[in-house]
Amino acid sequence: MANVIVIGAQWGDEGKGKITDLLSKSADIVVRYQGGVNAGHTIVVGGQTLKLHLIPSGILYPDTECIIGCGTVIDPQVLIGELEQLKKLNISTKNLQISETAHVTMPYHRLIDIAAEERRGSHKIGTTGRGIGPTYADKSERTGIRVLDLMDEKGLRKQLKWAVEYKNVILEKLYELPPLDPETVIEQYLNYAEVLRPYVVDTSLKIYDAIHRRRNILFEGAQGTLLDLDHGTYPYVTSSNPVAGGACIGTGVGPTAIDRVIGVAKAYTTRVGEGPFPTELVGEIGEKLCDRGAEFGTTTGRKRRCGWFDAVIGRYAVRINGMDCIAITKLDVLDELEEIKVCIAYEIDGVEFKDFPRNARRFAECRPIYKVLPGWKQSTENCRSLEDLPRQALDYLKFLAELMDVPIAIVSLGASREQTIIVEDPIHGPKRALLDANGTPVAS
Ligand code: GDP
Ligand code: IMO
Ligand code: MG
């Protein structure tokens, strides 16, 4: 048995949906532990594309339980839309459960998110406008509405009347927006509550029982390490903790239950929204990556910024997440390139360094130092083993693994399930080697 966390190692959209779907085959339960409908996880099976924002990417397996954990923030309107989408596709949601202590995104959260971004002007974060920051802010401020509050009509009427009136002051006085009608919001959310009620449980207890019975749990991260509120490129981050540590808090599971952390990184880098991105490509090659990789946001449709693989942030992600192994996705997107660059270090004012600077202003000054590798200039889409890969592609992967000091367990060469090379068992295979007191690698 193994309890596994899957995390994004870059700025999100690494292909976590595809990898989670793949690994869900051997999971009894898949749990989303943070984020909200800012996430967009794509799964392609049998030519059909499924885009999920909140429902875990294990939902395609009829016997796998799917849980939306307490660390997420839930927009009921979007969640209900997702349930309807799945119903239309004949995908059962009978095994879905929602944490009663997850916080709920309200209409004022979305309005404030968008208005605050406008007010920030050139300091904007480039949020998805889905109310994520304001929902988590209310959670921290202790004025949030939780799923269990939604389920209590009498309490909700009182709580929401107060909350809407309170937020109306902000909407009207600070942002010069029309106020919301408390009664309309209350009725709308009471309706949502009735749809969601059958799914709501104490998910922490469910997961604890499952762990006790030695069932396999897969913790699905949203966003990515560099978007983490504490460990990312603050302030250009999201408002939750996508890193592996977030999985315990966002589900109510103790750290001793976790067996393995699997990272997911693209063979290049993308970023949506504002913030420093040292390896960003603004010219022809960036456009090529964007076209071939179809790099448009799953949630907002925004064009993703594209750049070379950055091994400095890769190493950082290995460290911050305690990553045991990694999945490299979208290698096929590099197929046509003459040469491929990898950032191995940064430089500021002639000084070279290999650690990710925590100050966003300093990070913006970093100039990447590149190692240039030859491209393979042939399709890898149909490769199904490492032996099928062109030598240059194999060298490229080896170079990334060496730079990040982490074994590559999976290589993805296309959006569908079959377009995958399992290099070694990601769940039970070898882990990243630790060093003994003399600095010699020891088997894990
Ligand atoms: P997530 O947010 O990390 O789940 O990633 P997204 O779903 O937002 O973005 C990844 C996109 O790349 C999706 O459209 C996937 O279908 C697609 N994708 C995943 N793996 C591969 C791959 O190996 N090659 C190609 N070409 N596309 C991929
Ligand atoms: P998945 O799970 C990529 C980015 C936004 C913005 C910043 C803050 O699909 O990888 P927010 O709305 O969260 O307050 O926006 O975070 N962002 C993502 N970028 N993938 C995501 O999710 C993202 N979720 C948020 O673009 O820069
Ligand atoms: Mg995405």
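Indexing begins at 1, ligand by ligand and atom by atom, following the structure's order. Bear in mind that the values here come from a model prediction, so they are computed numbers and not experimental data.
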Looking only at protein heavy atoms, identify the closest one to [atom] and say how far it is in Å.
{"atom": "atom 12 (O) of ligand 2", "answer": "Thr128 OG1, 2.6 Å"}
{"atom": "atom 15 (O) of ligand 2", "answer": "Thr127 CA, 3.3 Å"}
{"atom": "atom 22 (O) of ligand 2", "answer": "Gln223 NE2, 3.4 Å"}
{"atom": "atom 4 (O) of ligand 1", "answer": "Gly17 N, 2.8 Å"}
{"atom": "atom 16 (O) of ligand 1", "answer": "Ala415 CB, 3.4 Å"}
{"atom": "atom 24 (N) of ligand 1", "answer": "Asp332 OD1, 2.8 Å"}
{"atom": "atom 6 (P) of ligand 1", "answer": "Gly40 O, 3.5 Å"}

Looking at non-hydrogen atoms alone, which of [options] comes nearest to [atom]?
{"atom": "atom 11 (P) of ligand 2", "options": "Thr299, Thr238, Asp13", "result": "Thr238"}
{"atom": "atom 21 (C) of ligand 1", "options": "Ser416, Gly8, Gly414", "result": "Gly414"}
{"atom": "atom 9 (O) of ligand 1", "options": "Glu14, Arg304, Glu295, Lys330", "result": "Arg304"}
{"atom": "atom 3 (O) of ligand 1", "options": "Glu220, Gln10, Lys16, Arg292", "result": "Lys16"}
{"atom": "atom 15 (C) of ligand 1", "options": "Thr42, Thr299, Ile19", "result": "Thr42"}
{"atom": "atom 2 (O) of ligand 2", "options": "His41, Arg305, Glu117", "result": "His41"}
{"atom": "atom 6 (C) of ligand 2", "options": "Gly273, Gly35, Pro235, Gly126", "result": "Gly126"}
{"atom": "atom 18 (C) of ligand 2", "options": "Val272, Asn38, Leu227", "result": "Leu227"}

Fill in the blank from the handout: Note: ligand 2 atoms sitting under 4.0 Å from heavy atoms of Ala222 are 2 (O)
Going by distance only, is there an N or O of [X] that falls short of 3.5 Å from an N or O of ligand 2?
{"X": "Gly40", "value": "yes"}
{"X": "Glu14", "value": "no"}
{"X": "Arg302", "value": "yes"}
{"X": "Lys16", "value": "yes"}

Practice task
For this output row, return yes or no: ring centroids of Tyr396 and Phe399 closer than 6.0 angstrom.
Solution key: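 No; Phe399 has its ring centre 6.0 Å or more from that of Tyr396.
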Exercise for the section: Could you see which bit of Trp11 sits under 4.0 Å from ligand 2, with heavy atoms only: side chain, backbone, both or neither? Expected result: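 Looking at Trp11 and ligand 2, just backbone atoms fall under 4.0 Å.
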Handout entry: Proximity flag Thr298 to ligand 2, non-hydrogen atoms under 4.0 Å
Key =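 It does not, in that no heavy atom of Thr298 comes within the 4.0 Å cut-off of ligand 2.
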Handout entry: Val237 near ligand 2 by a heavy-atom separation under 4.0 Å
Key =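 Checking ligand 2 against Val237, which is what was asked, there is a heavy-atom contact under 4.0 Å.
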Handout entry: Name, closest N/O/S atom of Asp13 to the Mg ion (ligand 3)
Key =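 The Mg ion (ligand 3) is closest to the Asp13 atom OD1, counting only N, O or S.
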Practice task
Using only heavy-atom distances, determine whether the side chains of Gln77 and Gln188 contain a donor-acceptor pair under 3.5 Å.
Solution key: no
Problem - Ring-face cation contact, Phe353 with Arg362, 6.0 Å cut, 45° max - result: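 Output yes; distance and angle both within limits.
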Problem - Arg271/Asp310 salt bridge by N-O under 4.0 Å criterion - result: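 Looking at Arg271 together with Asp310, the answer is no, because their closest N to O distance does not fall below 4.0 Å.
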Practice task
Examine the proximity of ligand 1 to Asp13 and report which part, side chain or backbone, both or neither, has a heavy atom under 4.0 Å away.
Solution key: both
Practice task
Please state which part of Leu413 comes within less than 4.0 Å of ligand 1, counting heavy atoms only: side chain, backbone, both or neither.
Solution key: backbone
Which of the ligand 1 atoms, numbered from 1, are nearer than 4.0 Å to a heavy atom of [X]:
{"X": "Lys18", "answer": "20 (N)"}
{"X": "Ser412", "answer": "20 (N), 21 (C), 22 (C), 23 (O)"}
{"X": "His41", "answer": "1 (P), 2 (O), 4 (O), 7 (O)"}

